[in-house]
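Notes for the one structure printed next.
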Amino acid sequence: QSVRIETMTRSPWTRNPFMRSGLPVLIFCVAGSFGLGQLVQGKKDIEDLKSGKRSLTTREFDLEEDYKRTLNKLNVDEYEVIRIKRPEDETET
């Protein structure tokens, strides 16, 4: 009966193998993933600043302005719809 009392008084960390080894490994993996993500992002930010690809100031994004800029690039006025012959069309004619 002393063994039963002893197992009831032990902490859950020593009773359950998952609590003893699985949970710390799981916490370590999740924390390591977030930590590595932050380090890699910081490294990319520094490289972008050094190469001049990106500056610290960001411009405001305007959907209307971007839409107009895209339409100007497309030249919609000279667009012509051309039907493409398909293999089943060749057999009919």
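Note that the coordinates shown come from a computational prediction; the quantities given were computed from them, not determined experimentally. Heavy-atom basis, side chains included; hydrogens, waters and symmetry copies ignored.
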From [atom1] ([X]) to [atom2] ([Y]), nearest 0.5 Å:
X     : Y     : atom1 : atom2 : result
Leu36 : Lys43 : CG    : NZ    : 11.5 Å
Lys68 : Leu63 : NZ    : CG    : 11.0 Å
Gln41 : Leu39 : CD    : CG    : 11.0 Å
Lys44 : Leu49 : NZ    : CG    : 14.5 Å

Item to complete: Considering only Ile, Leu, Val, Met, Phe, Trp and Tyr, and joining two whenever side-chain heavy atoms are under 4.5 Å apart, list the other residues clustered with Leu26.
Response: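 In the cluster with Leu26 there is nothing else; it is isolated.
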Discussion item. Through direct or indirect side-chain contacts below 4.5 angstrom among Ile, Leu, Val, Met, Phe, Trp and Tyr, which residues connect to Phe34?
Written reply: Val30
Fill in: Whether Ser33 side chain and Cys29 backbone form a donor-acceptor pair below 3.5 Å
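Absent.
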Worksheet item: If Ile, Leu, Val, Met, Phe, Trp and Tyr residues are connected whenever their side-chain heavy atoms lie under 4.5 Å apart, and connections chain through other members, are Phe18 and Ile27 in the same group?
Response: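 In one cluster: yes.
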Discussion item. Between Lys50 and Ile46, is there a side-chain heavy-atom distance shorter than 4.5 Å?
Written reply: yes
